[in-house]
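Residue numbering restarts at 1 for every chain, and letters A, B, ... go by the order of the sequence lines. Heavy atoms only: backbone and side chains are in, while hydrogens, waters and symmetry mates are out.
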2 protein chains.
Amino acid sequence: MANFFEESDISASKKRVLNSALVLFVEKGFFNTSIPDLVAHSGVSTGSIYHAFKDKEHLARTLMDLLLAKVEVDQATLLAAHRECWQRYYHLAKWLFEMTETFPHVMQFILYARHREFMPTIQPLCSSKPFMTLRSVLEQGQQLGQIREMDLMVASSIAYGSILRLIQLHLDGLAHEPLQEHLDELTCAAWRAIKAD
Amino acid sequence: MANFFEESDISASKKRVLNSALVLFVEKGFFNTSIPDLVAHSGVSTGSIYHAFKDKEHLARTLMDLLLAKVEVDQATLLAAHRECWQRYYHLAKWLFEMTETFPHVMQFILYARHREFMPTIQPLCSSKPFMTLRSVLEQGQQLGQIREMDLMVASSIAYGSILRLIQLHLDGLAHEPLQEHLDELTCAAWRAIKAD
DNA sequence: GTCTATACTCAGATAGAC
DNA sequence: GTCTATCTGAGTATAGAC
């Protein structure tokens with residue numbers, strides 16, 4: 001399992017706690033993960049955890065902020081490299097699949113944790129910058145006449161709902177082949193549904 | 001807010017507790033809902049709750065079992081009324097949208113609660129009968145040559161992932177128009193993606 | 001079946017030495 | 001910055017009267 005925080009500019013013990021939090025929050029859930037669990041998994045003591053993070057909620061927030069920040073950077077890089085709508089869509093899908101296979105815990109935490117339940121003030125995920133970016137790619141395609149005139153949320157649901165659904169099936173163990181094998185079939189199918197005719 | 005348990009053959013106080021559990025588990029989450037919360041919301045005492053349900057987990061299981069049983073009955077009725085693949089797909093989507101608008105808490109609890117976290121032995125939702133039924137509709141359509149040859153999980157992700165995504169956007173408040181308004185546009189688009197050519 | 005009062009557990013958080 | 005020891009309170013579940 002790749003360590004997502006390896007290269008970040010964070011103190012060593014913070015990194016270990018964040019990584020343990022990521023793993024345990026995904027595998028057991030936030031509320032089933034006690035501070036003693038984090039101590040045992042990370043090898044960092046209670047005192048040090050509370051020295052680095054105000055409380056358990058703040059730990060989760062820090063984790064989420066770091067993950068989303070990394071995602072934003074990845075997306076920006078990707079959109080800079082591809083400027084055409086279909087290319088962008090295809091490579092976003094590819095990147096989502098790669099992320100899922102390289103950092104399954106990261107994807108599970110971002111996509112499927114019930115953030116509101118343990119971070120009461122967080123904004124809904126679907127209003128976050130990465131999700132807005134996904135939609136904006138389709139919006140631009142629509143303005144250029146490459147995507148048919150249809151409700152943006154509907155187009156978005158087709159284009160990304162299908163990708164996210166396959167990712168979930170994969171993470172839940174119902175689609176065990178490598179996701180990349182389905183990349184072309186899935187993106188082409190979704191594109192048929194939304195492309196201008 | 002419609003009460004889902006109105007007509008069920010369950011004692012009155014059980015019904016009240018189940019309804020409160022549904023509402024509170026969805027609005028605050030399972031772990032943020034204490035027994036005192038359930039007492040305050042349902043008007044049923046701690047003692048009576050524990051008389052009716054072994055413990056909090058068993059309450060959640062009973063709730064989930066009742067919801068899934070109702071869903072199975074609805075699906076069976078619907079499939080008996082429509083025998084052609086496209087018809088079945090369209091009416092399943094319609095029913096999912098109707099369920100979401102009539103019983104949003106029910107849909108949220110079924111689709112978006114992290115069941116595993118508070119019911120450790122439950123099977124994954126995507127392996128449950130209702131989800132298998134959704135896939136089997138596409139499988140039959142494929143055998144009859146009405147749906148193109150493609151991986152079943154991919155077809156499924158397109159057909160239902162898009163519907164579930166729009167439902168999620170709606171429940172999260174990003175798509176506020178009535179779902180029914182998007183029914184035709186969404187199902188037709190998804191069908192373009194998967195129909196045989 | 002329904003209720004009130006209460007026991008027990010353990011997680012979250014702090015204090016304070018090193 | 002790191003640790004151990006400890007406190008406190010919330011929350012689950014039970015006992016036992018009605």
Side-chain angles (χ1 to χ4, degrees), chain A residues 5-6 8-64 66 109 113-122, chain B residues 5 8-64 66 113-122:
Chain A
F5 304 99
E6 208 95 24
S8 309
D9 181 24
I10 305 175
S11 81
S13 66
K14 255 190 178 174
K15 254 187 232 176
R16 284 157 68 197
V17 175
L18 285 165
N19 189 60
S20 295
L22 176 62
V23 172
L24 294 177
F25 289 174
V26 167
E27 292 182 357
K28 316 187 356 156
F30 178 86
F31 293 100
N32 291 321
T33 301
S34 66
I35 305 296
D37 288 339
L38 287 167
V39 171
H41 191 274
S42 67
V44 177
S45 67
T46 312
S48 296
I49 293 177
Y50 277 94
H51 179 79
F53 306 98
K54 182 176 153 287
D55 56 22
K56 204 178 151 190
E57 180 184 335
H58 178 246
L59 167 54
R61 293 197 80 95
T62 307
L63 179 58
M64 187 65 178
L66 283 169
F109 187 76
R114 311 268 12 206
H115 308 106
R116 270 328 239 293
E117 292 184 12
F118 50 93
M119 297 179 279
T121 63
I122 204 173
Chain B
F5 304 101
S8 309
D9 181 25
I10 304 174
S11 82
S13 67
K14 257 190 176 173
K15 253 186 233 176
R16 284 157 67 197
V17 175
L18 285 165
N19 189 60
S20 294
L22 175 63
V23 172
L24 294 175
F25 290 173
V26 167
E27 292 182 358
K28 316 189 352 158
F30 177 86
F31 293 100
N32 290 322
T33 301
S34 67
I35 303 298
D37 288 340
L38 287 166
V39 171
H41 191 275
S42 67
V44 177
S45 69
T46 311
S48 296
I49 293 177
Y50 278 95
H51 179 79
F53 305 99
K54 184 175 152 286
D55 55 22
K56 204 177 149 191
E57 180 186 335
H58 178 246
L59 166 55
R61 293 198 80 96
T62 307
L63 179 59
M64 187 66 177
L66 283 169
R114 313 267 13 209
H115 308 106
R116 268 326 235 296
E117 291 184 13
F118 50 92
M119 296 179 279
T121 61
I122 205 174

Engineer: Out of curiosity, Lys28(B) NZ to His41(B) NE2, how far, rounded to the nearest 0.5 Å?
Structural biologist: 9.5 Å

Engineer: When you list every nucleotide of DNA chain C with an atom under 4.0 Å from a heavy atom of chain A, which one comes first 5' to 3', and which comes last?
Structural biologist: dA11(C) to dT14(C)

Engineer: Check whether any side-chain heavy atom of Leu18(A) lies under 4.5 Å from a side-chain heavy atom of Phe53(A), and answer yes or no.
Structural biologist: yes

Engineer: With sequence neighbours excluded, tell me which residues meet side-chain contact (heavy atoms from CB on, under 4.5 Å) with Arg61(A).
Structural biologist: Glu57(A), Met119(A), Thr121(A), Ile122(A)

Engineer: Answer whether the closest heavy-atom distance between the side chains of Leu63(A) and Phe5(A) falls below 4.5 Å.
Structural biologist: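 Heavy-atom side-chain distance check passes, below 4.5 Å.
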
Engineer: If you compare all heavy atoms of Thr33(B) against all heavy atoms of Leu24(B), which two are closest, and at what distance to 0.1 Å?
Structural biologist: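 It is OG1-O, 3.3 Å.
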
Engineer: Scan residues 48-57 of chain A against DNA chain C and write down, sorted by residue number, each residue with any heavy atom closer than 4.0 Å; if none is found, say none.
Structural biologist: Tyr50(A), Asp55(A), Lys56(A)

Engineer: Can you tell me the distance, in whole Å, between the CG atom of Asn32(B) and the C1' atom of dT12(D)?
Structural biologist: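 Checked: the CG to C1' distance equals 15 Å.
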
Engineer: In terms of the nearest nucleotide of DNA chain C, which residue is placed more toward the 5' end: Phe30(A) or Gly47(A)?
Structural biologist: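 That would be Phe30(A).
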
Engineer: May I ask you to check if Lys56(B) and Phe118(B) form a cation-pi contact, with NZ or CZ under 6.0 angstrom from the six-membered ring centre and within 45° of the axis?
Structural biologist: no

Engineer: For a quick check of understanding: with a heavy-atom distance under 4.0 Å over all strands, which category does Thr46(B) fall into, base, sugar-phosphate or nothing?
Structural biologist: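 Base, at least one base atom sits under 4.0 Å.
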
Engineer: Does the side chain of Asn19(B) reach to within under 4.5 Å of the side chain of Lys15(B), using non-hydrogen atoms?
Structural biologist: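 No, their side chains stay 4.5 Å or more apart.
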
Engineer: State whether the side chain of Ser8(A) and the backbone N or O of Ile10(A) hold a donor-acceptor pair below 3.5 Å, judged by distance alone.
Structural biologist: no

Engineer: Separation of Phe31(B) atom CZ from dT12(D) atom P, in whole Å?
Structural biologist: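 In whole Å, dT12(D) P lies 10 Å from Phe31(B) CZ.
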
